[in-house]
Amino acid sequence: MLEVGQKAPGFCLDSSDGTAVCLSDLAGRTAVLYFYPKDDTPGCTTEACAFRDVSDEFTKRGAVIYGVSPDSVASHERFRDKFQLPFPLLSDPGKAMLSAYGAWQEKSMYGRKYMGVARTTYIIGSDGTIVALFPNVKPADHTKELLGWLDEYQSNAERTI
(Lines give C-alpha, C1' and ligand atoms only; values in the text may rest on other atoms or scores of the structure.)
Protein backbone atom coordinates (compact mmCIF):
# COMPACT_ATOMS: atom_id res chain seq x y z
CA MET A 1 0.00 0.00 0.00
CA LEU A 2 1.22 3.47 -0.80
CA GLU A 3 1.55 6.15 1.86
CA VAL A 4 0.49 9.76 2.29
CA GLY A 5 3.25 12.07 1.07
CA GLN A 6 4.46 9.77 -1.69
CA LYS A 7 4.29 10.74 -5.34
CA ALA A 8 1.28 9.05 -6.91
CA PRO A 9 2.26 6.33 -9.39
CA GLY A 10 1.81 7.39 -12.99
CA PHE A 11 -0.96 5.92 -15.08
CA CYS A 12 -2.70 6.37 -18.39
CA LEU A 13 -6.01 4.50 -18.82
CA ASP A 14 -8.95 4.56 -21.20
CA SER A 15 -12.11 6.01 -19.73
CA SER A 16 -15.86 5.72 -20.14
CA ASP A 17 -15.97 9.15 -21.78
CA GLY A 18 -13.86 8.00 -24.74
CA THR A 19 -10.59 9.61 -23.75
CA ALA A 20 -7.41 8.44 -22.08
CA VAL A 21 -6.83 9.86 -18.60
CA CYS A 22 -3.26 10.14 -17.33
CA LEU A 23 -1.94 11.25 -13.96
CA SER A 24 -0.21 14.16 -15.73
CA ASP A 25 -3.66 15.40 -16.88
CA LEU A 26 -4.60 15.94 -13.24
CA ALA A 27 -1.78 18.37 -12.46
CA GLY A 28 -3.08 21.44 -10.67
CA ARG A 29 -6.29 19.71 -9.50
CA THR A 30 -7.27 17.55 -6.56
CA ALA A 31 -8.31 14.09 -7.74
CA VAL A 32 -10.35 11.46 -5.94
CA LEU A 33 -9.44 8.00 -7.28
CA TYR A 34 -11.76 5.32 -5.99
CA PHE A 35 -11.00 1.68 -6.75
CA TYR A 36 -13.90 -0.76 -6.88
CA PRO A 37 -14.29 -4.43 -7.86
CA LYS A 38 -16.95 -4.63 -10.57
CA ASP A 39 -19.50 -2.58 -12.47
CA ASP A 40 -23.19 -3.05 -11.72
CA THR A 41 -22.79 -5.14 -8.57
CA PRO A 42 -24.57 -4.18 -5.33
CA GLY A 43 -21.71 -2.61 -3.32
CA CYS A 44 -20.10 -0.98 -6.35
CA THR A 45 -23.42 0.47 -7.49
CA THR A 46 -24.06 1.84 -3.99
CA GLU A 47 -20.64 3.49 -3.99
CA ALA A 48 -20.90 4.91 -7.51
CA CYS A 49 -24.38 6.31 -6.87
CA ALA A 50 -23.21 7.85 -3.59
CA PHE A 51 -20.47 9.67 -5.53
CA ARG A 52 -23.02 10.64 -8.20
CA ASP A 53 -25.43 12.09 -5.65
CA VAL A 54 -22.83 14.46 -4.18
CA SER A 55 -20.60 15.01 -7.22
CA ASP A 56 -21.47 18.73 -7.21
CA GLU A 57 -20.08 18.95 -3.67
CA PHE A 58 -16.76 17.55 -4.86
CA THR A 59 -16.75 20.02 -7.75
CA LYS A 60 -17.38 22.92 -5.33
CA ARG A 61 -14.30 21.78 -3.42
CA GLY A 62 -12.23 21.70 -6.62
CA ALA A 63 -11.97 17.91 -6.74
CA VAL A 64 -12.47 15.62 -9.72
CA ILE A 65 -13.71 12.04 -9.29
CA TYR A 66 -12.52 8.93 -11.15
CA GLY A 67 -13.70 5.39 -10.52
CA VAL A 68 -11.20 2.63 -11.40
CA SER A 69 -11.87 -1.08 -11.92
CA PRO A 70 -10.61 -3.91 -14.16
CA ASP A 71 -13.85 -3.83 -16.20
CA SER A 72 -13.76 -2.93 -19.90
CA VAL A 73 -14.56 0.52 -21.27
CA ALA A 74 -17.77 -0.91 -22.79
CA SER A 75 -18.84 -2.22 -19.37
CA HIS A 76 -18.02 1.18 -17.82
CA GLU A 77 -20.09 2.96 -20.48
CA ARG A 78 -23.13 0.76 -19.74
CA PHE A 79 -22.70 1.23 -15.98
CA ARG A 80 -22.25 5.00 -16.36
CA ASP A 81 -25.32 5.32 -18.58
CA LYS A 82 -27.53 3.05 -16.48
CA PHE A 83 -26.87 5.05 -13.30
CA GLN A 84 -26.23 8.47 -14.91
CA LEU A 85 -22.75 8.79 -13.42
CA PRO A 86 -21.34 12.29 -14.11
CA PHE A 87 -17.68 11.29 -13.75
CA PRO A 88 -15.37 9.05 -15.81
CA LEU A 89 -14.70 5.42 -15.00
CA LEU A 90 -11.19 4.22 -15.84
CA SER A 91 -10.60 0.75 -17.29
CA ASP A 92 -7.61 -1.21 -15.97
CA PRO A 93 -8.03 -4.73 -17.44
CA GLY A 94 -4.30 -5.47 -17.07
CA LYS A 95 -4.50 -4.38 -13.41
CA ALA A 96 -1.32 -2.29 -13.69
CA MET A 97 -2.78 0.75 -11.92
CA LEU A 98 -4.67 -1.39 -9.42
CA SER A 99 -1.38 -3.13 -8.56
CA ALA A 100 0.64 0.10 -8.42
CA TYR A 101 -1.87 1.60 -5.97
CA GLY A 102 -2.04 -1.56 -3.85
CA ALA A 103 -5.72 -2.12 -4.64
CA TRP A 104 -5.15 -5.52 -6.32
CA GLN A 105 -4.81 -7.82 -3.33
CA GLU A 106 -5.23 -11.36 -2.12
CA LYS A 107 -8.70 -11.77 -0.64
CA SER A 108 -10.46 -14.63 1.07
CA MET A 109 -14.06 -15.82 0.98
CA TYR A 110 -15.35 -18.99 2.62
CA GLY A 111 -11.75 -20.10 3.15
CA ARG A 112 -10.88 -19.74 -0.54
CA LYS A 113 -8.10 -17.31 -1.46
CA TYR A 114 -8.22 -15.31 -4.68
CA MET A 115 -6.95 -12.03 -6.14
CA GLY A 116 -9.38 -9.13 -6.29
CA VAL A 117 -9.88 -5.40 -5.92
CA ALA A 118 -9.77 -4.02 -2.39
CA ARG A 119 -12.20 -1.11 -2.17
CA THR A 120 -9.76 1.77 -1.63
CA THR A 121 -9.76 5.53 -2.27
CA TYR A 122 -6.82 7.89 -2.76
CA ILE A 123 -6.90 11.66 -2.86
CA ILE A 124 -4.13 13.04 -5.04
CA GLY A 125 -3.11 16.65 -4.43
CA SER A 126 -2.61 19.23 -7.14
CA ASP A 127 1.16 18.54 -7.06
CA GLY A 128 0.70 14.81 -7.77
CA THR A 129 1.36 13.56 -4.25
CA ILE A 130 -0.93 11.34 -2.23
CA VAL A 131 -2.61 13.53 0.39
CA ALA A 132 -5.04 10.93 1.77
CA LEU A 133 -5.65 7.19 1.67
CA PHE A 134 -8.83 5.36 2.67
CA PRO A 135 -8.52 1.55 2.72
CA ASN A 136 -11.39 -0.87 3.40
CA VAL A 137 -14.04 1.59 2.30
CA LYS A 138 -17.69 1.18 3.30
CA PRO A 139 -19.62 2.06 0.11
CA ALA A 140 -22.65 3.80 1.63
CA ASP A 141 -20.94 6.31 3.97
CA HIS A 142 -17.68 6.92 2.20
CA THR A 143 -18.53 10.13 0.33
CA LYS A 144 -19.48 11.92 3.58
CA GLU A 145 -16.11 10.93 5.03
CA LEU A 146 -14.29 12.22 1.94
CA LEU A 147 -16.15 15.53 1.84
CA GLY A 148 -15.38 16.10 5.51
CA TRP A 149 -11.74 15.29 4.90
CA LEU A 150 -11.58 17.70 1.92
CA ASP A 151 -13.13 20.48 4.03
CA GLU A 152 -10.49 19.99 6.74
CA TYR A 153 -7.68 19.73 4.17
CA GLN A 154 -8.72 22.95 2.44
CA SER A 155 -9.17 24.75 5.75
CA ASN A 156 -5.63 23.76 6.81
CA ALA A 157 -4.25 24.82 3.41
CA GLU A 158 -5.86 28.26 3.76
CA ARG A 159 -4.31 28.71 7.21
CA THR A 160 -0.81 28.07 5.84
CA ILE A 161 -1.10 30.66 3.06
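Scope of the values below: all heavy atoms of this structure, side chains included, with no hydrogens, waters or symmetry mates.
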Report yes or no: does [X] contribute a side-chain atom to a donor-acceptor pair with the main-chain N or O of [Y] at less than 3.5 Å?
{"X": "Lys7", "Y": "Asp127", "result": "yes"}
{"X": "Asp81", "Y": "Arg78", "result": "no"}
{"X": "Thr129", "Y": "Gly125", "result": "no"}
{"X": "Ser16", "Y": "Leu89", "result": "yes"}
{"X": "Gln105", "Y": "Gly102", "result": "yes"}
{"X": "Asp92", "Y": "Ser69", "result": "no"}

[Y] and [X], any side-chain heavy atoms less than 4.5 Å apart:
{"X": "Thr120", "Y": "Leu133", "answer": "yes"}
{"X": "Ile124", "Y": "Arg29", "answer": "no"}
{"X": "Arg61", "Y": "Thr30", "answer": "no"}
{"X": "Trp104", "Y": "Val117", "answer": "yes"}
{"X": "Met97", "Y": "Pro9", "answer": "no"}
{"X": "Tyr122", "Y": "Val68", "answer": "no"}

Check: Going through the checks in order, is the side chain to side chain contact (heavy atoms under 4.5 Å, CB included) test met by Val54 and Leu147?
Finding: CA-CA 9 Å; Val54 294; Leu147 289 169; 4.1 Å; yes
Next item on the list: Return yes if a side-chain donor-acceptor contact under 3.5 Å exists between Ser15 and His76, otherwise no.
Entry: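 No, His76 and Ser15 have no side-chain donor paired with an acceptor closer than 3.5 Å.
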Check: With a 3.5 Å cut-off and no angle check, do the side chains of Ser91 and Asp14 form a donor-acceptor pair?
Finding: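 The criterion, which ignores hydrogens and geometry beyond distance, is not satisfied for Asp14 and Ser91.
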Next item on the list: Starting at CG of Leu23, measure out to SG of Cys12 and round the result to the nearest 0.5 Å.
Entry: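 These two atoms lie 9.5 Å from each other.
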Notebook entry, point to check: Which distance, rounded to the nearest 0.5 Å, do you find between the OH of Tyr36 and the OG1 of Thr46?
Noted result: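 It is 13.0 Å, given to the nearest 0.5 Å.
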Do [Y] and [X] meet the salt-bridge criterion of a basic N to acidic O distance under 4.0 Å?
{"X": "Lys82", "Y": "Asp40", "value": "yes"}
{"X": "Lys60", "Y": "Glu57", "value": "yes"}
{"X": "Lys38", "Y": "Asp71", "value": "yes"}

Using every non-hydrogen atom in the two residues, find where [X] and [Y] come nearest and quote the distance to one decimal.
{"X": "Ala63", "Y": "Leu150", "result": "CB-CD1, 4.1 Å"}
{"X": "Leu98", "Y": "Pro70", "result": "CD1-CD, 3.7 Å"}
{"X": "Glu106", "Y": "Lys113", "result": "OE1-CD, 3.3 Å"}
{"X": "Ser75", "Y": "Asp39", "result": "OG-OD2, 2.8 Å"}
{"X": "Phe58", "Y": "Thr143", "result": "CZ-O, 4.2 Å"}
{"X": "Cys49", "Y": "Leu85", "result": "N-CD2, 4.4 Å"}

Check: Would you call the rings of Tyr101 and Phe35 parallel, tilted or perpendicular if under 30° counts as parallel and over 60° as perpendicular?
Finding: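 Answer is tilted, since the angle falls between 30° and 60°.
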Note to self: Ring-plane angle category for Phe79 and Phe83, please: parallel below 30°, perpendicular beyond 60°, tilted otherwise.
What the structure shows: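 Perpendicular, since the angle between the ring planes exceeds 60°.
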Margin query: Taking the ring centre of each residue, are Tyr66 and Phe87 less than 6.0 Å apart?
Written below: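 No; Phe87 has its ring centre 6.0 Å or more from that of Tyr66.
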Next item on the list: Flag yes if more than 12 heavy atoms outside Lys144 fall under 6.0 Å of its NZ atom; otherwise flag no.
Entry: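 Counting other residues, nucleotides and ligands, NZ of Lys144 stays at 12 neighbours or fewer.
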Check: Checking side chain to side chain contact (heavy atoms under 4.5 Å, CB included) for the pair Trp149/Val131: CA distance, chi angles, key distance, verdict?
Finding: CA-CA 10 Å; Trp149 188 92; Val131 295; 3.6 Å; yes
Next item on the list: Quick one: do Tyr34 and Val137 satisfy side chain to side chain contact (heavy atoms under 4.5 Å, CB included)? Show the steps, please.
Entry: CA-CA 9 Å; Tyr34 81 92; Val137 168; over 6 Å; no
Check: Which residue, His142, Lys138, Arg119, forms the side chain to side chain donor-acceptor pair (under 3.5 Å) with Glu47?
Finding: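 Of His142, Lys138, Arg119, side chain to side chain donor-acceptor pair (under 3.5 Å) with Glu47 is met by Arg119 alone.
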Notebook entry, point to check: When you look at Val64 and Val32, which way does the side chain to side chain contact (heavy atoms under 4.5 Å, CB included) test go after all the steps?
Noted result: CA-CA 6 Å; Val64 294; Val32 175; over 6 Å; no
Notebook entry, point to check: Do Val73 and Val21 share a hydrophobic cluster, counting only Ile, Leu, Val, Met, Phe, Trp and Tyr and linking them when any side-chain heavy atoms are less than 4.5 Å apart?
Noted result: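 No, it is not one cluster - the side chains of Val73 and Val21 are not joined through contacts under 4.5 Å.
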